[in-house]
Amino acid sequence: MCGLNVHMTPDLNIRGFQIYERFLDIEAQTRLVSLLRAVAAKTPPFQPVLPSGKRMSVRMTSFGRLGWLANVNGYRYATHHPNGTPWPAIPDDVLAIWAAVSGVDRAPDCCLMNYYAEATKMGMHQDRDEGEFQWPVVSVTLGDDALFRMGNVTRGGATDSLWLRSGDVVVMGGDARLAYHGVDRIAFGTSPLLAKGGRLNLTMRVVASTCLPTS
Ligand code: SIN
Ligand code: FE2
């Protein structure tokens, strides 16, 4: 994919979170957004209800062999969107980002896509439903700025925050793989990338086969 930043060392390392600033140029960002919209046409973003009974403020959908689902019973990976459609494959342009920064030669199984509309956020959490944690999670920001908070492998304690901007890529590997993280808020309207404003976030993950549904 052209438009990838040529220097492959992170610009920042905060608590083991490796941040590549403006990894994607505007052309690559624009192409990716229209591609993602087209590929997800039959598997549109939806707003899950969490085990707490609260509805998430972000909308989400997935690409890949497995997609991440939440409902009142918990969290799991599944092969199909709740509407019964298999998740579409992870687009090659997205896999190219993983290949450039992940440092591993195994492809991700899941690419979760979150859409943050105005006044949405994501509480502090760990990504821990994947069954194997030696692989990094790679996150891509498209659209409005987001205040990303980075914590520790246990809940609480000191945290750092950073405004992620469109085109930024974050690699959560090593010590940061199981670190708590979240999005405090987005700065709605800071980017012209998405026609209706807001932010898309992609997170690519490797998921263990033992996490496949058995039925
Ligand atoms: C997530 O942790 O699932 C999303 C992180 C982000 O939106 O930057
Ligand atoms: Fe996460």
Side-chain angles (χ1 to χ4, degrees), residues 1-24 28-29 31-33 35-36 39-40 43 45 60-70 74-81 85-114 122 125-142 148 150 152-153 164 167-182 200-215:
M1 174 186 193
C2 52
L4 289 182
N5 195 340
V6 285
H7 68 107
M8 294 302 170
T9 45
D11 298 290
L12 295 168
N13 186 324
I14 303 174
R15 295 173 175 272
F17 290 76
Q18 298 183 315
I19 296 124
Y20 295 80
E21 295 177 316
R22 297 287 162 141
F23 189 80
L24 302 175
Q29 294 170 36
R31 199 166 56 239
L32 206 47
V33 168
L35 179 74
L36 292 166
V39 174
T43 47
M60 60 176 56
T61 189
S62 292
F63 305 89
R65 169 175 94 86
L66 293 170
W68 189 81
L69 293 181
Y75 312 109
R76 67 192 169 94
Y77 281 94
T79 54
H80 290 64
H81 185 282
T85 309
W87 307 109
I90 304 175
D92 286 345
D93 282 6
V94 177
L95 292 173
I97 302 169
W98 169 277
V101 300
S102 69
V104 299
D105 57 9
R106 185 193 189 303
D109 300 295
C110 171
C111 176
L112 177 67
M113 180 168 79
N114 291 318
M122 180 158 316
H125 65 277
Q126 292 171 298
D127 290 7
R128 61 169 184 206
D129 300 317
E130 292 72 34
E132 289 185 30
F133 304 105
Q134 75 266 41
W135 315 96
V137 170
V138 173
S139 154
V140 182
T141 290
L142 295 164
F148 184 58
M150 294 157 279
N152 309 291
V153 293
L164 293 178
D168 288 357
V169 170
V170 181
V171 180
M172 299 180 256
D175 292 345
R177 175 61 185 80
L178 282 167
Y180 277 82
H181 58 277
L200 285 177
N201 173 258
L202 303 173
T203 48
M204 286 171 265
R205 301 108 182 260
V206 169
V207 182
S209 297
T210 49
C211 294
L212 272 169
T214 48
S215 56

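All values below were derived from every heavy atom in this structure, side-chain atoms included, with hydrogens, water molecules and symmetry-related copies excluded.
Within the 4.5 Å cutoff, no side-chain heavy atoms of V94 are placed close to those of V140. Contact annotation: the side chain of P108 approaches that of I90 to within less than 4.5 Å [non-hydrogen atoms, C-beta and beyond]. For the pair L36/F63, a side-chain contact is recorded, criterion being any heavy-atom separation below 4.5 Å from C-beta on. At least one side-chain heavy atom of L142 sits under 4.5 Å from a side-chain heavy atom of L24. In this structure, the side chains of V171 and Y20 come closer than 4.5 Å at one or more pairs of heavy atoms.
The distance from the CZ atom of R128 to the OH atom of Y180 is 5.0 Å, given to the nearest 0.5 Å. Within the model, atoms CH2 of W87 and SG of C110 stand 8.0 Å from one another, a figure rounded to the nearest 0.5 Å. The line from CG of D109 to CD of E132 is 8.5 Å long, rounded to the nearest 0.5 Å. The CZ atom of F133 lies 13.0 Å from the CE atom of M172; values are rounded to the nearest 0.5 Å. To the nearest 0.5 Å, the span separating NE2 on H125 from NE2 on H181 amounts to 3.0 Å. To the nearest 0.5 Å, the span separating CG on D175 from CG on N152 amounts to 11.0 Å.
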Residues 95-103, side-chain donor-acceptor partners within the protein, below 3.5 Å, at least two apart:
from : atom 1 : to   : atom 2 : distance (Å)
W98  : NE1    : S102 : OG     : 3.4
W98  : NE1    : R106 : O      : 2.8
S102 : OG     : W98  : O      : 2.9
S102 : OG     : V104 : N      : 3.3
S102 : OG     : V104 : O      : 3.4

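Within 6.0 Å of the CG atom in N13, the count of heavy atoms belonging to other residues, nucleotides or ligands exceeds 12.
Remark: side-chain polar atoms of D11 are paired, donor with acceptor, to backbone N or O of E21 under 3.5 angstrom. Within the 3.5 Å criterion, the main-chain N or O of D127 finds a donor-acceptor partner in the side chain of R177. N114 places no side-chain N or O within donor-acceptor distance of the main-chain N or O of L202, the cut-off being under 3.5 Å.
For H80, the side-chain contact (heavy atoms from CB on, under 4.5 Å) partners two or more places apart in sequence, or in a different chain, are P86. Listed by chain and number, the residues in a side-chain contact (heavy atoms from CB on, under 4.5 Å) with A179 are F17 (sequence neighbours excluded).
Just one of Y75, W68, Y77 meets the side chain to side chain donor-acceptor pair (under 3.5 Å) condition when paired with D129; it is W68.
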